[in-house]
Every structure is written in C-alpha cells, then in structure tokens.
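Everything below concerns the one structure shown next.
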Amino acid sequence: MVKIYTNGSIYTFDKMYPIVQSVVVDNGRFIDMGTTEDMLLQWGRQDALVIDLQGKTATPGLIESHVHIGGVALNFLNLDVTGVNSKKAMLAKIKERANSLKSGEWLIGRGWDENLFTDATIPTLQELDHVAPHCPLFIPRICGHAALVNSKALEICQYHPSITVPEGGTIVKDERGNPTGLLLESATEIFQKYIPEKSYPELKNAVRQAVQFAMEKGLTSAHTNDPTFLNGLFQTYQIYDELINQEKLGLRCNLLIDYMYMKDLRENGMYAGYGNDHLQIGAIKIFADGALGRRTALLSSPYHDDPTTVGDAMMDQETLYSIVHDARMLSMPIAVHTIGDQALENVLDILDQFPSVAYRDRLIHVQVLRDELIPRLVSPSRIVDIQPRFIVGDFPWVQDRLGESRIKRSYAWKTLLSAGVKCAGGSDAPVEPIDPLLGIHAAVTRKAPGQDHNGWNPSEKLAMEEAVKLFTIGGAFATNEEHVKGTITRGKFADMTVYSTNIFELEHPDELLTTKIEKTIIGGEVAYESL
C-alpha cells in the first residue's frame, strides 16, 4: 500500500530537494517527494494511506553508530547506579539491593562515576563488605574499564596475591599489598567467569525493552556491540534474529562482533553484510587501549596529572597485527576502540599494512589527537565513530588528565570534519544515555545541560545541521549503507524521525532538551508514536 506523509517540514539532506512537505512510500522505500498538493494529486488515489504530520519537522531516520544495546538491556535487570552523585548514595543503593538478595547470590550493577561524587572517593573494600556482607558484588564503572568487587567476590574467584591477571589488567592494591576492591581493564575477566549467566528468556526480554527504548528516542538504526553482554556470537545473533526478523520490532541493527568470535563467524559462514536490510553482521570489534578516567587510555606522552604513566595498550602490536590479519582473511573491516593518540597511531600503523576491504574500517572514540594523525584518517575506507556526549561525562576533570596543550586537539570534531574525515555519531550507551538528541545537544553546545559557559573549547562546536548529519549521513557511511540510508531520497529506505519542534530553527540549543520524538518511522511503518 502506498503511504503519503503530508504537511510536514521534512529536511531530506538531499541536495536535489532539501526541504519538502510530503514524501511518498511504497514497499518500504521512498518513491517520491514534494509539496503536499503535488503528492496528493499524483499519488492520492483511493487505496493510498495519508498520514498527516501536522506541520512537524522530520529528518532522515536517526542512526546510532556505537552502542551496546545488550548493556542497556542489562541495566533493566541489574542495579543501575548511573548518575549517583555521592559515595554515600551509591552505598545506600547497594545495601538496598543486597538486602533483597539471598546469601551467595551475585549483586551485579553498573554506572558509578567517582567524578560525580561530592565526597570524591571510590567506595573501599571494607565499605562494600559492610553494605553487602553476604553476597558477592561486581559493579563496573560507567565506562566499563574499571569495576568494584567485595571480599565475597574475591573469595569466590579464589584470589591470592600471585593470581594471574590478564594482560592489560590490574587488581589495585593498597600500601600493604591488599586488594582495594578496584579492578582495572581486563582484570575484570577473572571475576566475570564466576558470575552466573542470565537465562535466555531474561536476556531476550531485556533486549526487547532496550530496542523499544531506542526507537522511543527516535532511532531507526543502531550499530551495536553485544556478544560480551549476551553470552557470545550465537546467542547474540539468535536474540536479534528473533526480535528483529521474527517479531518485526523494526529497529535496523548492525552487529559488531568481538574479535574472539572470529572463529565462530568463519565456521558459520558469517561475514560483514551477512543478513538482510534489518539485521546484519558488521565489523570486528577490538580494544586498543582503555579510558581516560582511570588513566588507561594510551597516550604518546605521560598524563599531565600523573607523569608516571602513559596508559595501557590492551595488547602488543604483534597481537593486534595478528587480529587484523585474521579479520582481513575473512574480508572483514575492523572497529577499534582508540581513545589515546598513541593507541590511534598504533592502529593506523597496522591498518596501513593491509589493503582495505569492501566495508569501511572504524576508529571508535578518537578523543585525543595529534595534528599529524588527522590526514591518515582522511580515507574513503575509514570512518571515525565519535560520541559527542562524552563532553558531558569527561569535562572538566579530563583537562587535568591531558593538560592545556593536548586538550586543544581533544574531542576535536569540527577539526576532523573540516579536514574531510568521515565521522558518525553515537552514544556508547550505557556509558552515556542512548538519546541522540542529547548527543546532538553536546555537539552543538560542548557543555552539559544547565552549565553557564560558552562550551569546552568552543571553536570545536558544530552547527545543528552538522550535528544531525553525524547521526544520519554519518551513520549510514559507517556501515557502507549511504546508498540506502542517511538521506530522504527516492529509492532509499523510508526511515524518518519526527520531532515536536523544528530543531533547525531553535532560539537556543537547550530547546533540544525539551524536544520530544513524535514518531519513529522505519520502512514507512510507524514503529513508535508519542501519546
């Protein structure tokens, strides 16, 4: 059935027809666009379905380029301490959850950020033992690069002073050599293998909630990295296949697959692009370094506030080369977490040794830059996945980590775009909220909602259209789908996001914070509609 969406202010991002009033959809794709009068005259036959947008603004469907929907899903199941602003409040939430658990039952959570704490310190092992004495505890930091455990967890994992810690990981100890309860990076693997897996129905239902939540935020597509959250490649693909292909939830999902599952991909004949228009296998995910919060992001020179460290490489160059080689043997692109400038350089040095493949390689985060690295990112076979909302989570403390000179080339999105680097926008949820309007707001203002200043390094601010294009055109480029997504163009998927206000004509960017998603349209079907 032909559908005609009429009476809108529809920003197409197609140079031929930049703004139209109406679009016509057939078989899930745009087939025409123009004025309402013309579209009704040409297509408004008796069996056409006419949907009145009532003057609302629409854009191409928003695309989330880097998210962990599985992680968002687990927040529906576990203790969520995101945004808690003091150690005292966090310990109170842990105690409340612990009191609801049986002896020996794991208390799992996520989301603490000591930079928000008014009392400024991370809970100690003794404090965690006091509020959760009877159950093992494992609570990753908001970034996922650190975690807290208690004595029960140490006991279950059979901790001893000479326990083998995976490369790149640290069990933090006090001056007496005793664990503090803080784990960094891959040290968390020691504990994770002892945590009972959630049941398949629990995980599937939680992912269903997370997918629906994503569409409520206006997302029509998501590039999601989930095997470590959803117990491996097979279960991850099965959950999404059942929800997206069988239940027809709507959201288009591109699955980034962690490098340790490459063998499973090969044995099952899966590859980049495997799937259909709604569910596809994407790139091979790799971690090159850690995060700035715990000083594990790999820098080319020492941290400004700790000259004894430059951070950590998650693996040596030989291992990284081997992983990229194995991915190329499968003709697959890679998607590499690179926050520090040295991590980025290390990855580029290896990528330069391999021919490109049919799909673009993805450099994720790219928070700390050096000028000489930028031209190496300007390539038709490379794209940078940036997370504008990191501005909110990382400033002002990140200035102490990096110092005045380096901060000028950090979170440098305008610089990247001006240099011709292809960029896509995402949230890294559950690290930051999955709401793309919050990411767009951060890209435009470079500050947290409510802050009264001109933005952190304001010369890197993006115009509203540039910011929205990160989450539309940029997201399409990241998966080589610019021919079917990213703009409202004849022949492309009929994916649109409809807003309560005209986001391109706001008096102040803060009006984004009160803008609502009116409709999320995927393949011409209304997947979400506000009440």
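These numbers come from a predicted model, not from an experiment.
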Legend entry - K461 side chain to N454 side chain, donor-acceptor N/O pair below 3.5 angstrom: yes

Legend entry - Enclosure of E318 CD (heavy-atom neighbours >12, cutoff 6.0 Å):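 Result for CD/E318: open.
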
Inset, instruction - Return yes when atom CZ of F213 has more than 12 non-hydrogen atoms of other residues, nucleotides or ligands closer than 6.0 Å, and no otherwise. - result: no

Inset, instruction - Would you please indicate if the ring centroids of H223 and H66 are separated by under 6.0 Å? - result: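 No, the ring of H223 stays outside the 6.0 Å limit from the ring of H66, centre to centre.
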
Inset, instruction - Please collect all ring-ring contact (aromatic ring centres under 6.0 Å, His included) contacts where either partner lies in residues 250-272, sequence neighbours excluded, each pair once. - result: Y271-Y274

Inset, instruction - Only pairs at least two apart or in different chains count here, so list each ring-ring contact (aromatic ring centres under 6.0 Å, His included) that has a residue in residues 404-441. - result: F395-Y411

For the pair [X] (side chain) and [Y] (backbone), establish whether a donor and an acceptor sit closer than 3.5 Å, ignoring hydrogens and angles.
{"X": "T497", "Y": "G218", "value": "yes"}
{"X": "N457", "Y": "E460", "value": "no"}
{"X": "S186", "Y": "G169", "value": "yes"}
{"X": "T12", "Y": "I19", "value": "no"}
{"X": "Q192", "Y": "I190", "value": "no"}
{"X": "E432", "Y": "A429", "value": "no"}
{"X": "R328", "Y": "V324", "value": "no"}
{"X": "D312", "Y": "A297", "value": "no"}

On the 0 to 90° scale, with breaks at 30° and 60°, tag the [X]-[Y] ring pair as parallel, tilted or perpendicular.
{"X": "F354", "Y": "Y321", "answer": "tilted"}
{"X": "H337", "Y": "H145", "answer": "tilted"}
{"X": "F504", "Y": "F13", "answer": "perpendicular"}

Inset, instruction - Side-chain contact test, heavy atoms from C-beta onward, threshold under 4.5 Å: evaluate it for V421 versus R382 and give yes or no. - result: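 Contact flag for V421/R382 side chains = no.
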
Inset, instruction - Kindly confirm or rule out a cation-pi arrangement of R252 over F493, judged by NZ or CZ under 6.0 Å from the six-membered ring centre and within 45° of its axis? - result: yes

